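Working notes, beginning with the structure itself.
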Amino acid sequence: MAVPKICGIETEYGIVVRGAADANPISSSSMLINSYLGTLEGRRGAGPSVGWDFEDESPGNDARGGDLRLAAAPEVETHLVNAVLTNGARYYVDHAHPEFSAPECVDALEALRYDRAGEEILLASMQAARSVLPEGQEIVVYKNNSDGKGNSYGCHENYLLDRGTPFGRIVAHATVHFVTRQIFTGSGKIGSEAPGTRRDEVPFQLTQRADFFEEEVGLETTLKRPIINTRDEPHADAQKYRRLHVIAGDANMAEVATFLKLGTTALLLAMVDDDALGDPVLLASPVHAMHQVSRDVSLGLALPLSDGSSATALEIQWRLLAAAQEYASTHGLEAVGQAVGEQVLARWQEVLEGLERDPLELAGQLDWVAKYRLFDGYRERHGLEWDDARLAAMDLQYHDLRPGSSLARRLGLERLTDDAEVAAAVHQPPPSTRAYFRGRCLERFPDAVVAANWDSLVFDVGSPSLQRVPMLEPGRGTREAVGDLIDAATSAEDLLARLKA
Amino acid sequence: MPEREQKKKPAPQRRDDEVVEEEPQASESGTKIKAELDELLDEIDDVLETNAEDFVKSYIQKGGE
């Protein structure tokens, strides 16, 4: 039985300080986040003073085993702003970007809600920063993955897997999904940033990220990016679990795209856990295929497979959908949430049908289609070439988070969340993972929690030593299990005593 | 802008019959989509960055991840 596909999204946002040409992105990102944390101080249990606990960070561990570790271990930056929020998220400066790592969620719909809550938090941060910045300056953040000049920043997904699932099986099945799901997960981009490709060779492509992928499998996330990232850092009981850290996706503005990105991948990985997929569809040349799929707006390109046959990305997605429908009838969809799993299957089919008939039908659902339709319409109206600066500007402005400026918001893309639930998710944790315990402890006892990370909380309750509460089971610490205890506890000390009882 | 109404289609058999006939509906919705796009294009001119070239040039991000 597949382990529950607990999942979440981490997004690095692009950041610009308008009115200050030489602004340092690290200090701007810090100011942005600190400004937001400042607005929480009056709020009960905001937790801005709680630091991140780096005890269990080991991004250099490789899922293929120690001998294969060829790359330098990624750096863990411990000195920058690093906050834990009452909704269970981590909000911090990563390299030169503000990053929002959403809390662990039980299904794709919940993870979408927290991804959207992240946007609201960034928006609130921008507003808060205005009161700190000099007159005439404004911090603006963009939910995209590239500056159009060869610099990329990530939107990573995380999925819980069974430790017993062989890594090779994950690689075999996930690679082809990551290459072909681009037809609905892509956020669209004008031009190309791939080494050796002229910008004008590619007027428009499906994804922001494909240009930056150079390897099939590897540990890197910043250079020679691999389709399958081998970072083996489960943030959970390593005897029982893996975490698949997926770096091959775009940040989406369209909720349907985010939902399908998470939903189809969680389903595929549940099938991988259960070894329910049979022989994998193997691409003859995955990295090349990733670039090709992204550049094929017609969706008609046949990709060579290693058995000598060929198939389009759309045909491969139909095969994966058929396998998932079969899996639903033989195994059920418990691992991804039954109701949400059914919603994923239905939407997956609708989107593939739409892409097959006429992609433009999906201009209200998928980012790349929305962009293509908008840019092409603008181009025709004004008689522009694809490499016109006005289109490049629109390509960035699509991802602007300010509601008045965001072209994505202006397009009126279909919603799967509503404003009230997103607003609640800004402060409240998801109820059915350990994020609930993390978030609620921060809300109720912010002064007693001295540090937090994904798999533990450290309390100072005045006793000689600090007390670490391990949370190695991502599915424990839920509202059902500890909600009453946390509500009833009169202090952190009392809570710890009740937990031991 | 109002939310787009979710299209509910009966789940057809998938793609066994490759020949898709032109549905009269498609051109109808095509016209509607075109009208919506025109309206949108009229509207967004007001919010587009005024100096596109400078804006694009100054949008530089240091690496991440």
Side-chain angles (χ1 to χ4, degrees), chain A residues 12 14-16 21 25-26 74 94-97 99 142 146-149 151-154 156 221-223 225 247 315 318 321-322 346 349-350 352-354 356-358 360-361 363-365 373-374 377-378 381 388-397 404-405 407 410-415, chain B:
Chain A
E12 291 174 3
I15 181 167
V16 162
I26 299 173
D94 191 30
H95 299 269
H97 300 273
E99 171 158 343
Y142 294 81
S146 140
D147 66 358
K149 300 169 185 67
N151 300 311
S152 185
Y153 32 102
H156 300 172
T221 57
T222 54
L223 354 114
R225 294 183 183 85
I247 67 168
E315 284 164 352
W318 275 119
L321 171 61
Q349 177 166 335
E350 261 176 47
L352 295 186
E353 283 164 4
E356 192 157 80
R357 268 194 311 266
D358 178 5
L360 288 178
E361 281 182 23
Q365 283 76 31
R373 184 178 75 113
L374 179 66
Y378 192 82
R381 175 179 281 204
D388 193 280
R390 277 170 282 179
L391 293 178
M394 287 167 78
D395 200 2
L396 292 171
Q397 202 181 332
S405 307
L407 298 185
R410 295 229 154 208
L411 288 172
L413 302 169
E414 183 183 336
R415 296 280 306 269
Chain B
M1 196 169 279
E3 285 178 22
R4 202 167 290 269
E5 211 180 302
Q6 190 179 326
K7 280 186 198 154
K8 279 268 183 332
K9 292 216 171 67
Q13 288 301 304
R14 73 169 188 84
R15 64 188 322 277
D16 288 324
D17 43 342
E18 275 292 328
V19 187
V20 181
E21 282 173 41
E22 195 62 39
E23 293 171 44
Q25 241 183 335
S27 65
E28 216 173 278
S29 70
T31 314
K32 187 164 162 280
I33 286 171
K34 177 83 172 64
E36 277 174 14
L37 178 62
D38 278 340
E39 199 180 311
L40 182 76
L41 289 173
D42 292 339
E43 188 190 311
I44 62 165
D45 263 331
D46 299 338
V47 301
L48 290 182
E49 292 291 340
T50 44
N51 191 334
E53 206 146 333
D54 280 357
F55 170 57
V56 172
K57 213 178 277 176
S58 66
Y59 188 87
I60 298 170
Q61 300 293 312
K62 295 281 167 57
E65 310 179 69

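Quick caveat: nothing in here was measured; it's all calculated off a predicted structure. So that the names make sense, note that chain A is the first sequence line, chain B the second, and so on, each numbered from 1.
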- Query: Taking only residues two or more places apart in sequence or in another chain, which ones pass side-chain hydrogen bond (donor to acceptor under 3.5 Å, both in side chains) with B/Tyr59?
  - Reply: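 Expected list: A/Asn144, A/Tyr153.
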- Query: Considering residues at least two apart in sequence or located in another chain, which fulfil the ring-ring contact (aromatic ring centres under 6.0 Å, His included) criterion with B/Phe55?
  - Reply: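 With neighbours one apart ignored, the set is empty.
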Side chain, backbone, both or neither: which part of [X] has a heavy atom under 4.5 Å from chain A?
X: B/Ile44; value: side chain
X: B/Asp54; value: neither
X: B/Asp46; value: neither

Of the backbone (N, CA, C, O) and the side chain (C-beta and beyond), which part of [X] lies under 4.5 Å from a heavy atom of chain B, both, or neither?
X: A/Leu374; result: both
X: A/Arg381; result: side chain
X: A/Leu407; result: side chain

- Query: Should the heavy atoms of other residues, nucleotides or ligands under 6.0 Å from NZ of B/Lys57 be counted, would the total exceed 12?
  - Reply: no
- Message: I'd like to know which of A/Gly354, A/Gly14, A/Ser146, A/Ala346 tops the heavy-atom pair count under 4.5 Å against chain B.
- Response: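 Most heavy-atom pairs within the cutoff with chain B belong to A/Gly14.
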Measure the shortest side-chain to side-chain distance between [X] and [Y] over non-hydrogen atoms and say whether it is less than 4.5 angstrom.
X: A/Leu413; Y: A/Gln365; value: no
X: B/Gln61; Y: A/Val16; value: yes
X: A/Arg390; Y: B/Leu48; value: no

